[in-house]
J.: 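Pasting in a structure now, in structure tokens, and then I'll have a few things to ask.
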Amino acid sequence: MNKNSPPPPAPLKTERVSLRRRPDRGQYSLEAVTAILDQTFLCHLGFVAAGQPFVIPTSFGLEGGKIYVHGSSASRMLRELSQGIPMCFTAMILDGLVLARSAFNHSMNYRSVVVLGKAFPVEGAEKLKALEIMSEHMVPGRWAETRLPNSTEMMATSVLSIDIAEASTKIRSGPPLDDDEDMDHQCWAGVLPVQAFSGLPIPDPRSKGSPPAPSYLGSVRGLTTPTDIEPK
Ligand SMILES: Cc1cc2nc3c(=O)[nH]c(=O)nc-3n(C[C@H](O)[C@H](O)[C@H](O)COP(=O)(O)OP(=O)(O)OC[C@H]3O[C@@H](n4cnc5c(N)ncnc54)[C@H](O)[C@@H]3O)c2cc1C
């Protein structure tokens, strides 16, 4: 390769996932996507049904370059997506509100992911494994304690997988970017950090006995938890 030739395209980058605005904030590697998706379990899935675009919030799991989503077999989203129609997955973590001196330069600090592609139904033994991956992605340690789904519950549940093959990430961090001529404008400017917290666990009033809250509640993905997780 000539020393002046551009680097080879990153594997996940295509024309349609290329950022136009602030392309310097984008990355297109599986590592970059995974680093963000490892810190959240919430996403939105976009698809078009009967000519109408829908964007539906849901949760996901992640393993080996695949995203897993699940839901009721009767769900329109699951039924439509399992037909192999084009879809868009997006997830976002808000890190702060960026308060600039000018209204125009207000912004947010965030880490976000967009994946384009199709979703494929997951069946057989892989389906139960995918449900475990989703459960463990949200609350690591939970799956081993729960009653596993029976055949009726498995029938009532659809699981889809999405390959992370065409994707972008975008990250904004740091202080406001005010223009030089606004720097004498007197108002507070800076970043208000934002974090997601969980509260203290509230035991189910129908619990038999008083089992202690499990320690894994302190490692729910993307949530900062109180150190004291003893049940009230
Ligand atoms: C919390 C939050 C708040 C935001 N607020 C604003 C706002 O108020 N106004 C505004 O204009 N923008 C805002 N953005 C940025 C916005 O998400 C888009 O990045 C921006 O509109 C991109 O425009 P574009 O024309 O460059 O890309 P588009 O042409 O719209 O997109 C091209 C491709 O770039 C990729 N892409 C675009 N945006 C993102 C992203 N955020 N993350 C990962 N991949 C992306 C996708 O693969 C997409 O297919 C916000 C983002 C976040 C996460």
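Just so you know, ligand 1 is whichever comes first in the structure, and atom 1 is the first atom listed for that ligand.
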J.: Could you find the nearest protein heavy atom to atom 27 (O) of ligand 1 and give me its residue, atom name and distance?
T.: Arg20 N, 4.1 Å
J.: For atom 12 (N) of ligand 1, decide whether some protein heavy-atom distance is shorter than 4.0 Å.
T.: no
J.: Quick one: does any side-chain atom of Lys170 pair with a main-chain N or O of Leu19 as donor and acceptor, under 3.5 Å?
T.: no
J.: May I ask you to decide whether Glu126 forms a salt bridge with Lys129, counting only side-chain N to carboxylate O separations under 4.0 Å?
T.: no
J.: Please classify the Arg21 to ligand 1 contact at 4.0 Å (heavy-atom distances, strictly less than): side chain, backbone, both or neither.
T.: both
J.: Less than 4.0 angstrom from a charged side-chain N to a carboxylate O is my criterion; do Arg20 and Glu15 meet it?
T.: yes
J.: Counting from 1, what ligand 1 atoms have a heavy atom of Val114 closer than 4.0 Å?
T.: 43 (C), 44 (N), 45 (C), 46 (C), 47 (O)
J.: Establish whether atom 49 (O) of ligand 1 and some protein heavy atom are separated by less than 4.0 angstrom.
T.: yes
J.: What do you think, any protein heavy atom under 4.0 angstrom from atom 9 (N) of ligand 1?
T.: no
J.: Applying a 4.0 Å heavy-atom criterion (strictly less than), which segment of Arg16 is in contact with ligand 1: side chain, backbone, both, or neither?
T.: backbone
J.: Would a 4.0 Å cut-off, counted as strictly less than, catch a protein heavy atom around atom 16 (C) of ligand 1?
T.: no
J.: Minimum distance, heavy atoms only, to atom 20 (C) of ligand 1: which one of His106, Arg25, Lys170 is it?
T.: Lys170
J.: Is the shortest heavy-atom distance from the side chain of Glu153 to the side chain of Asn150 under 4.5 Å?
T.: yes
J.: Contact between Ile164 and Val113 at the side-chain level, heavy atoms closer than 4.5 Å - yes or no?
T.: no
J.: Do any nitrogen or oxygen atoms of Ser168 lie less than 3.5 angstrom from nitrogen or oxygen atoms of ligand 1?
T.: yes
J.: Any non-hydrogen side-chain atom of Val48 less than 4.5 Å from a side-chain atom of Ile85?
T.: no
J.: Would atom 30 (O) of ligand 1 count as contacted, meaning some protein heavy atom under 4.0 Å?
T.: no
J.: Hey, is Arg142 close enough to Glu145 for a salt bridge, meaning N to O under 4.0 Å?
T.: yes
J.: Checking the side chain of His70 only, and the main-chain atoms of Phe60 only, is there a donor and an acceptor separated by less than 3.5 Å?
T.: no
J.: May I ask you to identify the nearest protein heavy atom to atom 41 (N) of ligand 1, giving residue, atom name and distance to one decimal place in Å?
T.: Ser112 OG, 3.0 Å
J.: Looking at atom 4 (C) of ligand 1, is any protein heavy atom nearer than 4.0 Å to it?
T.: no
J.: Can you sort out which atoms of ligand 1 are near Val17, meaning under 4.0 Å from one of its heavy atoms?
T.: 33 (C), 34 (O), 35 (C), 47 (O), 49 (O)
J.: Any idea which of Leu12, Leu19, Leu116 brings a heavy atom closest to atom 36 (N) of ligand 1?
T.: Leu19
J.: Output the list of atoms in ligand 1 that are nearer than 4.0 Å to some heavy atom of Met108, sorted by atom number.
T.: 1 (C), 3 (C)
J.: Working note: Ser102 + Asn105, criterion side chain to side chain donor-acceptor pair (under 3.5 Å); need CA distance, chi angles, decisive distance, verdict.
T.: CA-CA 6 Å; Ser102 64; Asn105 281 314; 3.1 Å; yes
J.: Check Asp184, Asp179, Asp178 against Arg101 for a side chain to side chain donor-acceptor pair (under 3.5 Å) and give me the one that passes.
T.: Asp178
J.: Please indicate, with yes or no, if any protein heavy atom is found under 4.0 Å from atom 53 (C) of ligand 1?
T.: yes
J.: In the protein, what heavy atom is nearest to atom 14 (N) of ligand 1, and what distance, to one decimal place, separates them?
T.: Tyr110 OH, 4.4 Å
J.: Using the ring pair (Phe, Tyr, Trp, His ring centres under 6.0 Å) criterion, which residues pair with Phe41? Sequence neighbours excluded.
T.: none
J.: Is Met154 reachable from Trp143 through a run of hydrophobic residues whose side-chain heavy atoms are each under 4.5 Å from the next?
T.: yes
J.: Using a 4.0 Å heavy-atom threshold (strictly under), name the region of Ala167 that reaches ligand 1: side chain, backbone, both or neither.
T.: neither
